[in-house]
Amino acid sequence: MSSRDSCTCQQCAKGFTSSLLPTDAQIASIHELTRSGALPPNPSIFHASIFETTAEVLRYNAEIAKVEEEMDRLYAERRALQSYVNGCRSVLSAFHRLPNELLSSIFELCSPTENYRAGQDLTEDEEVEHVSQDHLLQLAQVSSRWYHIVMETPRLWSNIALDTAVWDDCDIPETTLLSLLETSLERGQGHPLNLQLGIFCEYGHGESVLELVSRHAHRWKNVRVVTYDFPSQQTSNRCAQFLGRLDKLETLDLEVGWQLIQSLDAPHLSQFAFSGKFCHLPKVPWAQLRRVRYHSMHEQDSPFSILSILPHAHDSAKFSLRLDLRNCPTVAPSNLSVSSDIQHLAFALHTNLKDPAPVGMLFDCMTLPSLRSLICEPPADYCTLAWPCDRFLALAHRSQFSTHLISFSIDADVTAEDLLRCLEALPQLEKLAVKEFPCYGRLHTTVTNVLFEGLSYVSNVAPVIPNLQILTLQSALEFADSEYVDFVASRVKKAHIDGKGPFRANLFWQPESRDLLPETVEKLSELVFGGGLVFESGQINGYGSWLGDD
């Protein structure tokens, strides 16, 4: 220890104490005189104490100032030492040795745009953070190395999300927000762009953003655009001149009320989603797309129009079509007969209650000779899908589903008997999913003892859909548990005979439904432990497209 350190320690140990500190007896005397209200017998002593003690208080103030100065020095030196220790640890840490390329990948994972959806409720502050890329600016403040990585890595600045619907309420002026957006675009240099854009044109913000991002259309890679209103014709024309050949575009998602793009020359586009009027649907290279989602947002749209696209689709493309059939004509267009080689098709159909005719007309228009996966369901839990059994069977026969349809999922108002009639026409099925939750307008219970009896395997008798490997049910559990267990056990036996591995059964129900009986769970568990069954069950909340893309 240095001589300075020794001296300081001795001074601290010695300290300062006044000789005028009162004794316990003096303090007690003061308290007694205060309570009694009497004058002290010798007032001059108290006057002298006041004078002398005031001077001592000033000495204490001076000593405290010295100690505080010493404490400030100690704190400052401790901070310096701690900072040095942290620096040493940082130099020796494995994180410090990470290459810049790996660090930039980690920084990319910090982007908040992953869960961003234009049109959701955002505060003005959240919107400013998105536009300014605040997460990158914060990372850049950590160190000069991080600053260099952030500013010199274009792909970090190429994930852009904004919604101009809230710009008018932001404290920051539009010119500043546009400047922040332009800065991000410039820092992204030529790197492909991932865009999430909410465009609101009433106050001009949306039009300015459209023009700005359109100038970088040659960089578009993954783009989602939601529009709330219409831009001026002048803005539309200016944007159109930049939307030429989009060499980097891979996915495009449009939710528009007007024709943002008339046609696309995008050789690498593979995924396309569109929500809007059919007349605003751009011309896209259907033959090269692998995933298509179409949502008709206008009741006056002909639900059959989109079918005209199917013959031009690639055979491996997955099509998801959400159509409103409530106002469709009573007779399908006489000249519409569509044949398509697509292998995957999902329908979300909004129909009038108890009327299977519109769905039947849709089936009547199609021939699908290569279809391997079919999903039919309503778009939400407030409606049900009336099932045209005979017209589905006609579609199945015409398309020869018996030879190639291996996956079928249905959420419709249909009896177990009618569903079994449909399934008899689908002997190659390997995956079957049936959803039946009580909703407004549903008349029939589908998942019943009758369904399980019809699907069960009996020795030496060919069952309905003999190749069934996976059965997924969302049910109100209005059946006997014993019938379900017997059905599952029979299919486990069938899978063992065929040497196809364990049978998979999934059973879900809503909270208001009953639970499976304990003895049922025990019996199913025995089949699981025996290796013949994979079983998943439990309550499920909410509603939606529950199977997604098969």
Side-chain angles (χ1 to χ4, degrees), residues 1-18 21 56-116 122-162 170-172 176-177 179-191 194:
M1 184 178 291
S2 67
S3 58
R4 176 188 173 188
D5 293 332
S6 300
C7 178
T8 301
C9 290
Q10 290 174 0
Q11 290 176 353
C12 291
K14 180 179 179 182
F16 163 73
T17 302
S18 172
L21 285 175
E56 286 293 270
V57 169
L58 294 176
R59 288 186 61 191
Y60 269 104
N61 289 342
E63 289 294 327
I64 289 173
K66 292 178 182 178
V67 172
E68 288 178 342
E69 184 178 347
E70 183 68 12
M71 288 295 294
D72 289 342
R73 180 187 66 80
L74 292 173
Y75 279 127
E77 290 180 358
R78 186 180 68 176
R79 285 195 298 270
L81 281 173
Q82 188 62 58
S83 177
Y84 178 72
V85 169
N86 292 341
C88 292
R89 287 174 177 162
S90 177
V91 169
L92 297 175
S93 71
F95 191 79
H96 178 76
R97 296 192 296 274
L98 290 177
N100 290 356
E101 294 78 11
L102 185 54
L103 274 176
S104 66
S105 297
I106 295 173
F107 293 167
E108 193 171 14
L109 297 176
C110 298
S111 174
T113 61
E114 183 70 22
N115 298 318
Y116 184 93
L122 290 177
T123 66
E124 293 79 13
D125 291 341
E126 289 173 334
E127 178 63 23
V128 171
E129 289 175 1
H130 280 292
V131 177
S132 65
Q133 305 265 38
D134 185 65
H135 66 288
L136 294 177
L137 299 179
Q138 291 186 38
L139 290 170
Q141 294 176 13
V142 172
S143 68
S144 59
R145 182 192 178 200
W146 283 29
Y147 178 88
H148 173 77
I149 294 173
V150 168
M151 295 301 173
E152 300 301 326
T153 306
R155 80 170 184 276
L156 295 179
W157 298 92
S158 299
N159 298 305
I160 293 175
L162 57 89
C170 292
D171 295 332
I172 297 178
T176 303
L177 292 170
S179 177
L180 291 170
L181 173 60
E182 190 167 12
T183 297
S184 290
L185 291 169
E186 291 173 353
R187 287 173 176 165
Q189 299 177 22
H191 196 275
N194 300 313

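These values consider heavy atoms only, across backbone and side chains, with no hydrogens, waters or symmetry-generated copies.
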So which heavy atom on [X] is nearest to which on [Y], and how close?
| X | Y | value |
| --- | --- | --- |
| S104 | I149 | CB-CG2, 3.9 Å |
| C110 | H135 | O-CD2, 3.8 Å |
| L156 | L136 | O-CD1, 3.2 Å |
| A140 | M151 | CB-CE, 4.3 Å |
| P99 | R145 | C-NH2, 3.9 Å |
| V131 | S184 | O-OG, 4.1 Å |

Walk me through it: do L181 and L162 pass the test side-chain contact (heavy atoms from CB on, under 4.5 Å)? CA-CA 9 Å; L181 173 60; L162 57 89; 3.8 Å; yes
Is [X] reaching over with its side chain to a backbone N or O of [Y], donor-acceptor style, under 3.5 angstrom?
| X | Y | value |
| --- | --- | --- |
| Y60 | S18 | yes |
| S83 | R79 | no |
| W146 | L103 | no |
| Q133 | N159 | yes |

Going from [atom1] on [X] to [atom2] on [Y], what distance comes out if it is rounded to the nearest 0.5 angstrom?
| X | Y | atom1 | atom2 | result |
| --- | --- | --- | --- | --- |
| D134 | L139 | CG | CG | 9.5 Å |
| F107 | R155 | CZ | CZ | 10.5 Å |
| E68 | E63 | CD | CD | 12.0 Å |
| L21 | T17 | CG | OG1 | 6.5 Å |
| D171 | T176 | CG | OG1 | 11.5 Å |
| T183 | L137 | OG1 | CG | 9.5 Å |

Would you say that [X] contacts [Y] through its side chain, given a criterion of any heavy-atom pair below 4.5 Å between the two side chains?
| X | Y | value |
| --- | --- | --- |
| V128 | L177 | yes |
| E186 | W157 | no |
| S158 | E108 | no |
| Y147 | S143 | no |

So, T153 and R187: side-chain donor and acceptor under 3.5 Å apart, yes or no? no
Taking 4.0 angstrom as the limit, do K66 and E70 come out as a salt bridge? no
